[in-house]
Amino acid sequence: MSTAPRRTAAEAYEKTPTVIFQSSALAARELALEVRALIEERAREGKNAVLGMATGSTPVPFYRELIRLHREEGLSFKNVITFNLDEYYGLGPDHPESYARFMADQLFDHIDIPKENINIPSGKVPSEQVFAHCREYEEKIDAVGGIDLQILGIGRTGHIGFNEPGSSRDSLTRRITLDRVTRQDAAADFRGEENVPRFAITMGVGTILRGKKLVLMAWGENKAEMVAKAVEGPMTEAISASFLQGHTNARFYIDIGASRELTRVKLPWLVGPVSWTPRETNRAVCWLAGLLQKPVLKLTDEHYNEHGLGDLLSEQGPAYQLNIRIFNHLQHTITGWPGGKPNEDDTYRPERASPYPKRCLILSPEPQDAVVSMGATLERLSEQGHEVRLVALTSGSLRVPDREADKFAETLRELAAVVSDPTAWTAQTAYAEEVLKMLAEKGDFGADTPLLRQLKALVLRGELRDAANACRISNEHIFFLDLPFYEEGRYRRFKSTQADVDALTNLLREQRPHQIYLTGDAADPSSVSGICYRVFQAALKNCEGEEWAGACSLWLYRGKERPLEAHEIDMAVPLSPLQLERKTRALGRFGSLSSLELSSPESNRQNAAHYDALGLAQYEAIEAFQRWSRA
Ligand code: F6R
């Protein structure tokens, strides 16, 4: 019997039942409890529970919860058999980025599962044996009675496992060439796209669909578009996750960020009655204008009625009045004075006029984030006389390629050889030799030693100073917090602690800012910015009741996540062509920005194009911010 939840009118668009959780932690807990129930039921029957496992950042909170259930509540995994979805082809289990290593680190080494019950495709099987290896994997799954519960994540190509676009509904375990987008997404793990394996062995779509129950998890706004396509769009080989629609017991467990593009969330008026809050009203009007490609002021009563917005019109119309109200609202989001315009009426300005100057705290999860996302606003704030403090929350050392450390060590060694008294430079030479030795020993993917991490962090500090100076922030106004969680971990596997919260709380108390800029609210919760965001929430909570905290305004900017849409923007800071050029030049000071980061000026241009299309003034570019609600 299917255990799919009862469907409401609002979910009518969703062809695979989808549950939206307030947070990934809550979803992970729910799923872990389901797994516990399954394991315990099977144990009572004297049987095994067969679990299909996924890797990547998505299942990390779920695995942490399983470990907690084992340690604190005595859940035993003695009767559990697991099959992992996939493995990079070419990587052995000792490779730090292999999925075998990942599973050991994230789960298996912390629970009592018998080693012989763990199955992961081998990335090292010789080419001519791949076919037989894959067939055996399928047979092994069948031999234990099939997978009871398959855990899934979804990639930006819509893949489940590594079933990239083109994978058929009936595909079985096989070797596959990884899509370019998938390789881009793994680039940070492998320190550069060029190092990401080209192939993987993956269970097929058909293999996955044989599972008795499937749960696909997705967190953060970057997953929202793919989730919506997979859940609401047609079943298609272009998006292998869409095949879950054909399964009788499949569900999506997603957080609020990942739900953003579902019809019930994005266009709620199409699925039922809506409470027309100002944000919802904005959203509807901007959507209608976009759909009809008309400026807001040209929308008519008929346009509203004919596109499902009759309710809104009868509540807030006629169109003429509603349009003007929304137009004025959008107009008032635009300001060249992000810190507030001193001695001016601020009734309709995004930021208050006083106090002036303001103490502005700009929080950058990794050193480059703030310059990438709000470099021109940084410059404005500083130019307009505010006390701007730019804080790099983490050292960012993981993103610095080995070649930078190598370059530094080589230069140091050469310098030591050419100075007038080389004997005075023996310590420097020894340091350079040490760095070069460590680089050689660790190979391409080995973990950096503390010394290497320190050197890489210093390289990035230099780049940040250089870029921030280009945005008129001087060195004494740049702070490096080096949050400890980053120093302990690796991409996708970080875990923050009280020490992180304490460090940020202290900084806030020292600075007592009037204005804070931060990011990460829409990010994958296990990403650096997602973690920094939660650390910030906790730090701010510590300061609750302190006078400065109550009066401080908080502005969110977007980094790697989907840019803010027009209806979500509370402050739009326009950029002249010259300012945009200066920002682009500032970005050039960083040695290793991703293509997404480098495209930030283009995204600023897009913001301006959207405002233009809505009938507002034409600007070259816009940096956009959302007011942070303390809820
Ligand atoms: C991993 C796997 C993939 C991931 C997907 C999402 O075993 O099968 O389908 O689930 O690429 O990756 P993350 O969770 O890192 O966003």
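Every number for a ligand or one of its atoms is a count from 1 in the order of the listing. Since this is a predicted model, take the numbers as computed values, not measurements.
Near Lys223, the atoms of ligand 1 lying under 4.0 angstrom from a non-hydrogen atom of the residue are 6 (C), 13 (P), 16 (O). Close approach to Gly153 involves these atoms of ligand 1, each under 4.0 Å from a residue heavy atom: 10 (O). For ligand 1 and Gly56, the ligand atoms under 4.0 Å from any heavy atom of the residue are 14 (O), 15 (O). Residue Gly161 has at least one heavy-atom neighbour below 4.0 Å for each of these atoms of ligand 1: 2 (C), 3 (C), 8 (O), 9 (O). Close approach to Ala54 involves these atoms of ligand 1, each under 4.0 Å from a residue heavy atom: 7 (O).
When hydrogens are left out, the protein atom nearest atom 14 (O) of ligand 1 is Thr58 OG1, 2.4 Å; that is the closest non-hydrogen contact. For atom 1 (C) of ligand 1, the nearest protein heavy atom (residue, atom name, distance) is Thr55 OG1, 3.1 Å. Of the protein's non-hydrogen atoms, the one nearest atom 15 (O) of ligand 1 is Arg492 NH1, 2.3 Å. From the protein, the heavy atom lying nearest to atom 8 (O) of ligand 1 is Asp86 OD2, 2.7 Å.
Side-chain N or O atoms of Glu568 include one that pairs as donor or acceptor with a backbone N or O of Glu565 at under 3.5 Å. When atom types are taken as modelled, the side chain of Glu463 and the backbone of Gly591 share a donor-acceptor pair closer than 3.5 angstrom. Of the possible polar contacts, one joining the Arg183 side chain to the Val196 backbone as a donor-acceptor pair under 3.5 Å is found.
Contact annotation: for Ile154 versus ligand 1, heavy atoms closer than 4.0 Å belong to the backbone alone. Within the 4.0 Å heavy-atom criterion, the part of Leu85 lying near ligand 1 is the side chain and not the backbone.
Listed by chain and residue number, Asp524 satisfy the side chain to side chain donor-acceptor pair (under 3.5 Å) test with Ser57 (two or more places apart in sequence, or in another chain).
Ring orientation note: the planes of Phe162 and Tyr99 are close to parallel, at an angle under 30° on the 30°/60° scale. Using cut-offs of 30° and 60° for the angle between ring planes, the Phe190 and His95 rings count as tilted.
A ring-ring contact (aromatic ring centres under 6.0 Å, His included) check over residues 220-258, counting only residues at least two apart or in different chains, returns the pairs Phe21-Tyr253.
The only member of Val271, Val231, Leu267 that meets side-chain contact (heavy atoms from CB on, under 4.5 Å) when paired with Leu262 is Val231.
Residue His159 has at least one N or O atom closer than 3.5 Å to an N or O atom of ligand 1.
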